[in-house]
Amino acid sequence: MDSEQLRQAYQDLSTPHVADACLRLGVEVRCAPVGTTAPWEGAAVVGRARPVQHFGSADIFLEVINGAERGDVLVVDNGGRADEACVGDLVALEASQAGLAGVVIWGLHRDTSELRAIQLPVFSLGALPAGPQRLDPRTPDAMDWARIGDHVVTADDVVLGDDDGVLFVPLDRAAEVAETAAAIRETERGQALRMLQGTSLRQQTDFDGYLAARAEDPALTFRRYLRAVGAEIEE
């Protein structure tokens, strides 16, 4: 899928929808660390990952941007450091003008007010005024992969971010994940509508039936029961 196909496939899908779809399809649910958010509410991003490891200088960001395609997402591995901000307004503006869709950082950003004005989604662990005061040796694979928390991200991944956080989906599974996420979204919308019309979630899921079935089969899980009645709310 190219950038436009990704944008169309994932529009109006939340990261919870996508995470549930991954769970249903047996795709590993890979989330950025808790607290990875943008500096304003409502920011959202979807695009192919452009990974990069940071060693103290911004030149590597410019190099990655130079080779990126429109709609890509810069994914920055700064080791989750809390003593420096590695992306600020100039890198964000450069990425925006190059057509990138956003930035995800395992680390901190700065120039928050300027980032809000630029309006390029930048997801990070928070803000800090101080930039890097180091210059470490660069490794040969610095633009091949990025570690974001517990997960390694490559150009074979899709990045999705919104108010609930950031997650990563294998590019070769992106189409089926989006299709499944859309089905989950429609199921949940229908359930919410019926609740507003007076039919409780317990009624829709036949919760009394589940309790009775579980009494007969203690190994029965709510998730398995929901699949049987077509009312999935946990995946």
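Heads up: numbering here begins at 1 and tracks the sequence. This one's a predicted model, so the numbers in the text were calculated from it and none came from an experiment.
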Visitor: Verify salt bridge (Lys or Arg N to Asp or Glu O under 4.0 Å) between Arg134 and Asp83, making sure each step is shown before the conclusion.
Guide: CA-CA 11 Å; Arg134 64 186 173 100; Asp83 62 342; over 6 Å; no

Visitor: Report, one line per pair, each donor and acceptor closer than 3.5 Å where one atom sits in a side chain of residues 68-76; sequence neighbours left out.
Guide:
residue	atom	partner	partner atom	Å
Asp72	OD2	Arg50	NE	2.7
Asp72	OD2	Glu69	N	2.8

Visitor: What residues, two or more places apart in sequence or in another chain, satisfy side chain to side chain contact (heavy atoms under 4.5 Å, CB included) together with Leu220?
Guide: Tyr210, Ala213, Asp217, Arg224, Tyr225

Visitor: Quick check: closest heavy atoms across Ser57 and Asp59, and the distance to 0.1 Å?
Guide: OG-OD1, 2.7 Å

Visitor: How about CD on Glu179, more than 12 heavy atoms from neighbouring residues, nucleotides or ligands closer than 6.0 Å, or not?
Guide: no

Visitor: Just wondering, do Phe61 and Asn66 contact through their side chains at under 4.5 Å, heavy atoms?
Guide: no

Visitor: For the hydrophobic clusters of this structure (ILVMFWY residues joined by side-chain heavy atoms under 4.5 Å, transitively), does one cluster hold both Val104 and Val153?
Guide: yes

Visitor: What residues form a side chain to side chain donor-acceptor pair (under 3.5 Å) with Ser200, not counting sequence neighbours?
Guide: Gln203

Visitor: List the atom of Pro39, the atom of Arg116, and the distance in Å for their closest heavy-atom pair.
Guide: O-NE, 3.0 Å

Visitor: State, yes or no, whether a side-chain contact exists between Arg81 and His54 at a heavy-atom distance under 4.5 Å.
Guide: no

Visitor: Going by the rule side chain to side chain contact (heavy atoms under 4.5 Å, CB included), which residues pair with Ala95 if we only count those two or more places apart in sequence or in a different chain?
Guide: Ile65, Leu100, Leu120

Visitor: Closer than 4.0 angstrom, basic N to acidic O: yes or no for Glu84 and Arg110?
Guide: no

Visitor: Taking all atoms of both residues into account, what is the closest heavy-atom pair of Arg147 and Val152, and its distance?
Guide: NH2-CG2, 3.4 Å

Visitor: Linking I/L/V/M/F/W/Y whenever their side-chain heavy atoms sit closer than 4.5 Å, directly or via other members, would Met1 and Val158 fall into one cluster?
Guide: yes

Visitor: Does a salt bridge link Arg185 with Glu188, judged by any charged N lying under 4.0 Å from a carboxylate O?
Guide: no

Visitor: Take Leu135 and Phe55 through the side chain to side chain contact (heavy atoms under 4.5 Å, CB included) test and state the conclusion after the steps.
Guide: CA-CA 6 Å; Leu135 188 57; Phe55 297 93; 5.6 Å; no

Visitor: Supply the atom-to-atom distance Thr205 OG1 to Leu201 CG, rounded to the nearest 0.5 angstrom.
Guide: 5.0 Å

Visitor: Please test Arg30 against Asp157 for salt bridge (Lys or Arg N to Asp or Glu O under 4.0 Å), starting from the C-alpha separation and ending with a verdict.
Guide: CA-CA 11 Å; Arg30 294 182 293 153; Asp157 288 310; 2.5 Å; yes

Visitor: Taking C-beta and beyond as the side chain, do Asp208 and Arg202 meet within less than 4.5 Å on heavy atoms?
Guide: no

Visitor: Would you give the length of the straight line joining atom CG of Leu6 to atom CD of Gln8, rounded to the nearest 0.5 angstrom?
Guide: 10.0 Å

Visitor: Check the pair Arg48 / Val159 against side chain to side chain contact (heavy atoms under 4.5 Å, CB included), numbers first and verdict last.
Guide: CA-CA 6 Å; Arg48 185 171 180 172; Val159 184; over 6 Å; no

Visitor: Side chains of Asp162 and Thr15: is there a donor and an acceptor less than 3.5 Å apart?
Guide: yes

Visitor: Table please: side-chain donor-acceptor pairs of residues 121-133 below 3.5 Å, with sequence neighbours left out.
Guide:
residue	atom	partner	partner atom	Å
Ser124	OG	His109	ND1	2.7
Ser124	OG	Gly126	N	3.1
Ser124	OG	Gly126	O	3.0

Visitor: Please name all residues satisfying side chain to side chain contact (heavy atoms under 4.5 Å, CB included) with Asp89, sequence neighbours left out, ordered by chain then number.
Guide: Asp111, Glu114, Ile118

Visitor: Can you see which heavy atom on Ile148 is nearest to which on Ala32, and at what distance?
Guide: CG2-CB, 3.8 Å

Visitor: Decide whether Met143 and Trp106 are clustered together by the hydrophobic rule: side chain heavy atoms of Ile, Leu, Val, Met, Phe, Trp, Tyr closer than 4.5 Å, transitively.
Guide: no

Visitor: Please tell me whether Leu171 and Val27 are part of a single hydrophobic cluster in this structure, the criterion being side-chain heavy atoms less than 4.5 Å apart.
Guide: yes

Visitor: Do Cys22 and Val169 pass the side chain to side chain contact (heavy atoms under 4.5 Å, CB included) test, and can you show the C-alpha distance, the side-chain angles, and the key distance before you say yes or no?
Guide: CA-CA 8 Å; Cys22 288; Val169 174; 4.0 Å; yes

Visitor: Within a strict 4.5 Å, meaning less than it, do heavy atoms of the Ile105 and Cys86 side chains meet?
Guide: yes

Visitor: Could you check Leu90 against Glu94 for side chain to side chain contact (heavy atoms under 4.5 Å, CB included), going step by step and ending with a plain yes or no?
Guide: CA-CA 6 Å; Leu90 295 183; Glu94 184 75 8; over 6 Å; no

Visitor: What are the two closest heavy atoms between Val29 and Leu23, and how far apart are they?
Guide: CG2-N, 4.1 Å

Visitor: Any side-chain heavy atom of Arg24 within less than 4.5 Å of one from Arg223?
Guide: no

Visitor: If you take all heavy atoms of Leu115 and Trp40, which pair is closest and at what distance?
Guide: O-CZ3, 3.6 Å

Visitor: Using only heavy-atom distances, determine whether the side chains of Asn78 and Gln53 contain a donor-acceptor pair under 3.5 Å.
Guide: no

